[in-house]
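Contents: one structure, followed by commentary.
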Amino acid sequence: MTPAHSTRDSQDADDLDVEEALALVKEDGASAPEGRSVPAPAPGAEQPGRRSGHAHHKATPWPEARVVAERAARSVPRRAPVSVPLDASLGLVLAAPLTALTDLPSFDTSAMDGWAVAGPGPWEVRENGVLAGHAEPEPLTDGEAVRIATGARIPSDVTAVLRSEHGRIDDKGRLHATRDVVHGQDIRPRGQECRSGDQLLPVGVLVTPAVLGLAAAAGYDTLAAVPRPRVEVLVLGDELLTEGLPQAGLIRDALGPMLPPWLRALGAEVVAVRRLGDDAKALHKAIAGSNADLIVTTGGTAAGPVDHVHPTLRRIGAEFLVDGVKVRPGHPMLLARTKENQHLVGLPGNPLAAVSGLLTLAEPLLRTLAGHTAPEPYTLPLQDAVHGHPRDTRLVPVALRADRAVPLHYNGPAMLRGIAASDALVVVPPGGARAGQELELLDLPWATAGIDACFT
């Protein structure tokens, strides 16, 4: 079983009510042998999600929570564009139109290796050829030809470029065409792709490798881009180890290593990762003193004796936008506005529950702050049936196999084994889904782009 982030995660309202959990135990791979035991509540204990009879009812439906997160980002005053060198621009969004700084091509060039010819053939061939990168060559007169390389500048008064495979040299050194020569063939005329001042791409376009190539060709050294949202991660919990094996009641921190690269994959700049333990004063100081666009906390979002997130946010006068989401795992996640231009996403301490919080609240917020467009929703049929929660949405790791989504085992709130082998999360409606049913998928940020591309 993947080590949980926090031993108190069972108190985070993330586990199911007992009767609900018993139903899910029947799911493939979610039975006791995989570590998904169903603890009975202690005598007199409140069942998770029903504290004071209001926790579940206050929770926001999962689709609405994502809309609220996106809307929250749109309420933030627009940040000034930044000028970024080309080699640091991948994954950013253009904050100004990409306008050609020169004609492309900037001079007539040869599209092929061959001969530049003037007038009708046969042609006398000059001794010295024309290579790419050289100054403007001498003009040709009718009846002359000169060897030319792809990308080389076309001499004045040239009729066409004759490809190497379409010409032959006779025993007197004259060039003959083996097929008809059309005026202008295999010449890329100046400005064929664009003229100086033409808009090549509008505001809002994602900077891809191809965009970088176009920008360089058009004369750019830097790009005006929407700045990456700055994120500070606060890791909570006295029970966490940063190295070695779990021991003496202490466990390894899974979220500290996982969250920063995941947030970068979502387009953020992670400015700090701070380990605060279960110190309410340290948490208050860290939140109040942060200048990040988004603060992400791990654990402590429930109502246990050392769950300090809610009290701290109330103390600083934060506005709760989402306080619990009707989703499993990850029910006790939250979103709060801490300043006019700052938000906080509180993630549950269980690792898979934290992933649910990332994709539910952090992803739409960061995507919107970074100027990215929302991905088009898509669905695939399930290969196998998936049990659902009676009332809440459920997010389950799946592998994509051809045109099917294959639900994976080891999908308990504290487990990472399933998500580590997955390509996406499937959105299971309340009540579950049958085999063959079409369901929405949430792609993991590196599943389609490639790890190198998304972690820059």
Heavy atoms, side chains only, cut-off 4.5 Å: are Leu380 and Val398 in contact? no

Under the side chain to side chain donor-acceptor pair (under 3.5 Å) test, which residues partner Thr338, sequence neighbours left out? Gln342

Results of ring pair (Phe, Tyr, Trp, His ring centres under 6.0 Å) for Phe107 - residues two or more places apart only: none

With the side chain counted from C-beta on, respond yes when Leu266 and Val231 share a heavy-atom pair under 4.5 Å apart, and no when they do not. no

Could you list the residues that satisfy side-chain contact (heavy atoms from CB on, under 4.5 Å) with Val67, not counting sequence neighbours? Arg71

Contacts of type side-chain contact (heavy atoms from CB on, under 4.5 Å), residue Met258, not counting sequence neighbours: Leu255, Trp262, Val355, Leu416

Sorted by chain and residue number, the side chain to side chain donor-acceptor pair (under 3.5 Å) partners of Ser83 (sequence neighbours excluded) come out as Thr222

So that I can tick it off, tell me whether Arg404 and Asp384 are bridged by a salt bridge, with the cut-off set at under 4.0 angstrom between side-chain N and carboxylate O. no

Thinking salt bridges, do Glu70 and Arg74 make one under a 4.0 Å N-O criterion? yes

Do Asp293 and Arg230 sit within salt-bridge range, that is, some charged N less than 4.0 Å from a carboxylate O? yes

What residues form a side chain to side chain donor-acceptor pair (under 3.5 Å) with Gln192, not counting sequence neighbours? Arg188

Going by the side chain to side chain donor-acceptor pair (under 3.5 Å) test, which pairs reach into residues 432-442, not counting sequence neighbours? Thr379-Glu438, Arg434-Gln437

Has Arg78 got more than 12 heavy atoms of other residues, nucleotides or ligands less than 6.0 Å from its CZ? no

Non-neighbouring partners of Arg315 that pass salt bridge (charged side-chain N to carboxylate O under 4.0 Å, His left out), sequence neighbours left out: none

Which residues satisfy the ring pair (Phe, Tyr, Trp, His ring centres under 6.0 Å) test with His310, sequence neighbours excluded? Phe320

Contacts of type side-chain contact (heavy atoms from CB on, under 4.5 Å), residue Ala420, not counting sequence neighbours: none

For Gln199, enumerate each residue passing the side chain to side chain donor-acceptor pair (under 3.5 Å) test, keeping only those at least two apart in sequence or located in another chain. none

Return the set of residues passing side-chain contact (heavy atoms from CB on, under 4.5 Å) with Val273 (not counting sequence neighbours), or none when no residue passes. Val233, Val235, Pro260, Val270

Any donor-acceptor pair under 3.5 Å linking the side-chain atoms of Asp113 with those of Thr150? yes

Other residues, nucleotides, ligands: >12 heavy atoms within 6.0 Å of Asp221 CG: no

